[in-house]
There are 2 protein chains.
Amino acid sequence: MQDEHVKDIAALLKTMSHPIRLKILCMLQEKEMAVGDIREEVKTTNANVSQHLSILRNQGIVSSRKDANFIYNKIEDERILELIAKMRELFCEV
Amino acid sequence: MQDEHVKDIAALLKTMSHPIRLKILCMLQEKEMAVGDIREEVKTTNANVSQHLSILRNQGIVSSRKDANFIYNKIEDERILELIAKMRELFCEV
DNA sequence: TTAGTATTAAATTAAAAGCTTAAATAGCTG
DNA sequence: CAGCTATTTAAGCTTTTAATTTAATACTAA
């Protein structure tokens with residue numbers, strides 16, 4: 001693995017390494033969700049969820065679409081879906 | 001994914017998300033290495049490598065054996081090998 | 001247009017992580 | 001034992017990161 005890859009992947013892992021952000025990514029595996037929906041599950045403030053979402057968007061992991069008052073978020077990068085699936089397989093099952 | 005898993009995996013990712021530590025883990029995929037060997041490749045001080053290794057050991061990711069003056073390190077957790085292989089496949093190839 | 005809801009931005013404060021340097025430990029070898 | 005090498009630990013300092021609060025913006029529907 002070249003240094004440039006190491007740098008990029010480290011940055012990706014760092015973005016994913018916050019419990020709230022990781023949980024958001026897990027929830028977004030199944031369906032797209034608005035900020036309010038996410039807030040209910042992770043038990044924090046709207047503003048806090050929004051901040052974490054913007055970190056995920058800046059990394060290119062999550063994308064958003066706007067519909068009326070709501071902004072729906074989903075995982076943009078297919079590879080993240082695969083990576084999380086692998087982590088589930090390795091660390092959650094059996 | 002339950003909250004406990006989220007917490008554990010987030011901690012694991014955090015440990016792996018430092019460029020030096022990630023590079024160390026990549027190097028240890030192939031063979032065990034002493035602190036000095038690692039230092040040559042990551043361009044920092046012995047003390048710094050040692051500190052990063054102790055973080056990796058505390059997480060249970062890396063184990064060490066002593067031989068004469070040298071301490072040889074290797075990846076202890078098979079799942080980390082698999083996870084890094086997956087990351088390579090997703091983010092480094094093609 | 002106004003009230004209400006959802007989202008974002010900015011600023012502050014507190015906590016954690018990282019690097020450097022220097023000192024300490026452990027084991028080999030002459 | 002004395003000197004050398006490899007590694008670890010500790011202290012001090014700086015930089016990042018996290019969480020919270022507050023203010024601002026955007027849109028909808030009555």
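Every chain is numbered from 1, with letters handed out A, B, ... down the list of sequences.
For residues 17-45 of chain A, proximity to DNA chain C is found at A34(A), V35(A), G36(A), defined as any non-hydrogen atom under 4.0 angstrom from a strand atom.
Look at E82(B) and R79(B) and you find no salt bridge, because none of the NZ, NE, NH1 or NH2 atoms lies under 4.0 Å from a carboxylate O.
More than 12 heavy atoms of other shown residues, nucleotides or ligands fall within 6.0 angstrom of atom CD in E30(B).
Contact annotation: H52(B) side-chain N/O to dA17(C) OP1/OP2 distance is not under 4.0 Å. Taking 4.0 angstrom as the limit, N69(B) places none of its side-chain polar atoms (N or O) nearer than this to OP1 or OP2 of dC28(C).
For N48(B) and dT21(C), the CG to P distance is 11 Å, given to the nearest whole Å. When rounded to the nearest whole Å, the span between CG of N46(B) and P of dT9(D) equals 14 Å. If you measure from atom CZ of F70(A) to atom P of dG4(C), you get 16 Å, rounded to the nearest angstrom. In this structure, L53(A) atom CG and dA19(D) atom P are separated by 14 Å, rounded to whole Å. As a whole-Å value, the separation of Q51(A) CD from dA18(D) P is 11 Å. Rounded to an integer number of Å, the gap from N58(B) CG to dT8(D) C1' is 13 Å. I71(A) has its CD1 atom 9 Å from the P atom of dC27(D), to the nearest Å. The interatomic distance linking D67(A) (CG) with dA26(D) (P) rounds to 18 Å, in whole Å.
Taking the side chain as every heavy atom from C-beta outward, L81(A) and Q29(A) approach each other to under 4.5 Å. Using a 4.5 Å cut-off on side-chain heavy atoms (C-beta onward), C26(B) and R88(B) make contact. Residues H52(A) and V42(A) are not in side-chain contact: their nearest non-hydrogen atoms beyond the backbone lie 4.5 Å or more apart. At a threshold of 4.5 Å between non-hydrogen side-chain atoms, the residues T15(A) and N58(A) do not count as touching.
Distance from the side chain of S50(B) is smallest for dT7(D) among the nucleotides dT7(D), dA6(D), dA19(D). Here the nucleotide nearest the side chain of R57(A), chosen from dA6(D), dT8(C), dT7(C), is dT8(C). When distances are taken from the side chain of A47(B) to each of dT21(C), dT21(D), dC19(C), the shortest belongs to dT21(C). The nucleotide whose nearest atom lies closest to any side-chain atom of K14(B) is, among dT7(D), dT17(D), dA16(C), dA16(C).
Smallest separation of non-hydrogen atoms from L28(A) and M33(A): CD2-N, 3.8 Å.
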